[in-house]
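See below for the structure under consideration.
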Amino acid sequence: MSGIPLPRIGMGTAAIGNLYRAVSDDEARETIVAALDAGIGYFDTAPYYGFGLAERRLGDALAAESGRRAIVSTKIGRLLEPTSARGTRHGFVDADPFEPLFDYGADGVRRAHEASLKRLRRDRVEILFAHDLGAMTHGDQHERHRRAFLDGGYAAMRALRDTGAVDAIGIGVNEVAIGLDLLPRVELDLILLAGRYTLLDRNAADALFALCAERGVRVIIGGPYNSGILAQEDLSDAGALHYDYEAPSPAMLSRARRLEDVCASHGVPLPAAALQFPLRHPRVATVIPGMVGASQVRDTLSRAATPVPDLLWKALDQAVTPSPDALS
């Protein structure tokens, strides 16, 4: 299994792909340079983020900083086809003029990998993930895409790793079930799990993490703020909040506010506890919050360094029952 030396904090790049709001090229570059200056040398991206926009911006910024080493992961599973559609699409504002089409087959893997390298202006990426497999994304098409991956896509990813084109392979997903399904069937180095091991949602804590430990798979946690709700120090404005890329349900908002109150009673900002929570688990190698602007890079480092007393962790544990599954 891969021993890539990942930093404890990396950077997710969906936000510089214009997720929820438009970001300028200059602000995207400023963010990446500030991350490098701060020692955040791992960047996760995907063709889906702004339909190539995040990869392009990351590639341009890293090319301009070519003397500085950076670890990059990107993803297969979607090919980008030209489109005349404009406006906000899939949550991305003023994104590049492409439409993502799912393809988890062997040829799709090779084409997606090659296209990503061109956008990233790199000869190689260190890590390649299969993106968004699972019923949560695909519904009644889930089995078709799962079979395409198992019957060809995985072998193509494995070949890229075995020939040294990439250092590690894995899956980048938003649900626990697909990890439990695939881990016994394929050899993976890493799982990037978004939103399923956070202060609000701890569904990965038992069976999936145990299986990862058994099979020597390291875990990267994306979405530690659950799409933004846990990144706020004040949850009073419900209209501005997102949970799993949508408006939070009243029950989920109430749950988050309980966590906010518990943190406040111990003098710790909610975002600091949210960022540090996944890193307490021995299976978790890295957490990759999204960032836009040098100020958010500084905020991230400050949150990571904020002292959190053990009593707060115990109080937060007591505040998170029942599970999110009961709050739909």
Side-chain angles (χ1 to χ4, degrees), residues 6-75 80 88-98 116-123 125-127 172 192 194 220-225 227-234 240 242 245 269 271-272 274-276 286-306:
L6 294 169
R8 295 291 274 169
I9 303 291
M11 176 179 157
T13 62
I16 65 167
N18 288 5
L19 182 62
Y20 303 142
R21 71 176 182 90
V23 174
S24 70
D25 289 344
D26 287 345
E27 191 174 15
R29 177 170 293 187
E30 174 190 86
T31 308
I32 294 159
V33 171
L36 290 169
D37 289 344
I40 298 173
Y42 168 45
F43 301 88
D44 174 70
T45 191
Y48 184 52
Y49 303 155
F51 318 124
L53 179 60
E55 285 185 319
R56 282 200 305 105
R57 285 173 162 173
L58 178 62
D60 289 347
L62 292 181
E65 302 288 328
S66 58
R68 308 169 78 173
R69 183 172 183 272
I71 297 168
V72 174
S73 60
T74 192
K75 306 180 181 78
L80 300 181
T88 299
R89 295 177 292 129
H90 303 251
F92 295 98
V93 180
D94 295 334
D96 280 358
F98 297 93
S116 286
L117 293 183
K118 290 178 181 178
R119 287 187 292 268
L120 286 163
R121 300 174 60 180
R122 295 174 74 87
D123 295 329
V125 292
E126 286 75 14
I127 304 168
L192 195 171
I220 297 170
I221 294 297
Y225 304 127
S227 304
I229 190 169
L230 295 176
Q232 307 302 316
E233 295 191 22
D234 182 356
H242 292 89
Y245 309 105
L275 181 65
Q276 292 186 39
T286 306
V287 173
I288 50 168
M291 308 175 210
V292 176
S295 63
Q296 287 195 5
V297 174
R298 291 192 295 271
D299 286 347
T300 298
L301 294 182
S302 176
R303 291 167 180 176
T306 298

Distance-minimising heavy-atom pair for S116 and P47: OG-CG, 3.6 Å
Test item: E65 and I32 side chains (from C-beta on) under 4.5 Å apart, heavy atoms: no
Minimal non-hydrogen separation, L62 against A70, with atom names: CD2-CB, 4.0 Å
Flag, side chain of S227 to backbone of Y245, donor-acceptor distance under 3.5 Å: yes
Under 3.5 Å donor-acceptor, E55 side chain and L120 backbone: no
Heavy-atom check, side chain of V125 versus side chain of T45, under 4.5 Å: no
Derivation of the side chain to side chain contact (heavy atoms under 4.5 Å, CB included) call for L117 and D123: CA-CA 6 Å; L117 293 183; D123 295 329; over 6 Å; no
Under 3.5 Å: donor-acceptor pair, side chain of Q276, backbone of R303: yes
Where A274 and L230 come nearest, the two heavy atoms and their spacing: CB-CB, 3.8 Å
Side-chain (T286) to main-chain (P7) donor-acceptor, under 3.5 angstrom: yes
Any donor-acceptor N/O pair, T13 side chain to D44 backbone, under 3.5 Å: yes
Contact check, side chains of T74 and R119, non-hydrogen atoms, under 4.5 Å: no
Salt bridge present between D37 and R298 (N-O < 4.0 angstrom): no
F92 and F51 aromatic ring geometry - parallel, tilted or perpendicular at 30°/60° bounds: perpendicular
Test log, rule side chain to side chain contact (heavy atoms under 4.5 Å, CB included), inputs L275 and T306: CA-CA 10 Å; L275 181 65; T306 298; over 6 Å; no
Passing option when Y42 is tested against V72, I288, I9 for side chain to side chain contact (heavy atoms under 4.5 Å, CB included): I288
Non-hydrogen atoms of D94 and A22 that approach each other most closely: OD2-CB, 4.2 Å
Between CZ on residue F43 and CE on residue M291, distance to nearest 0.5 Å: 8.0 Å
Test log, rule side chain to side chain contact (heavy atoms under 4.5 Å, CB included), inputs M11 and T300: CA-CA 10 Å; M11 176 179 157; T300 298; over 6 Å; no
Heavy-atom pair with the smallest gap, counting every atom of R57 and A28: CD-CB, 3.7 Å
F98 to R89 - nearest heavy-atom pair and separation: O-NH1, 2.8 Å
CZ on R121 to CG on L58, rounded to 0.5 Å: 11.0 Å
Atom pair CG/CG of D96 and N18 - distance to nearest 0.5 Å: 8.5 Å
Approximate separation, where rounding is to 0.5 Å, of E126 CD and R69 CZ: 6.0 Å
Non-hydrogen side-chain atoms of I127 and L192 separated by less than 4.5 Å: no
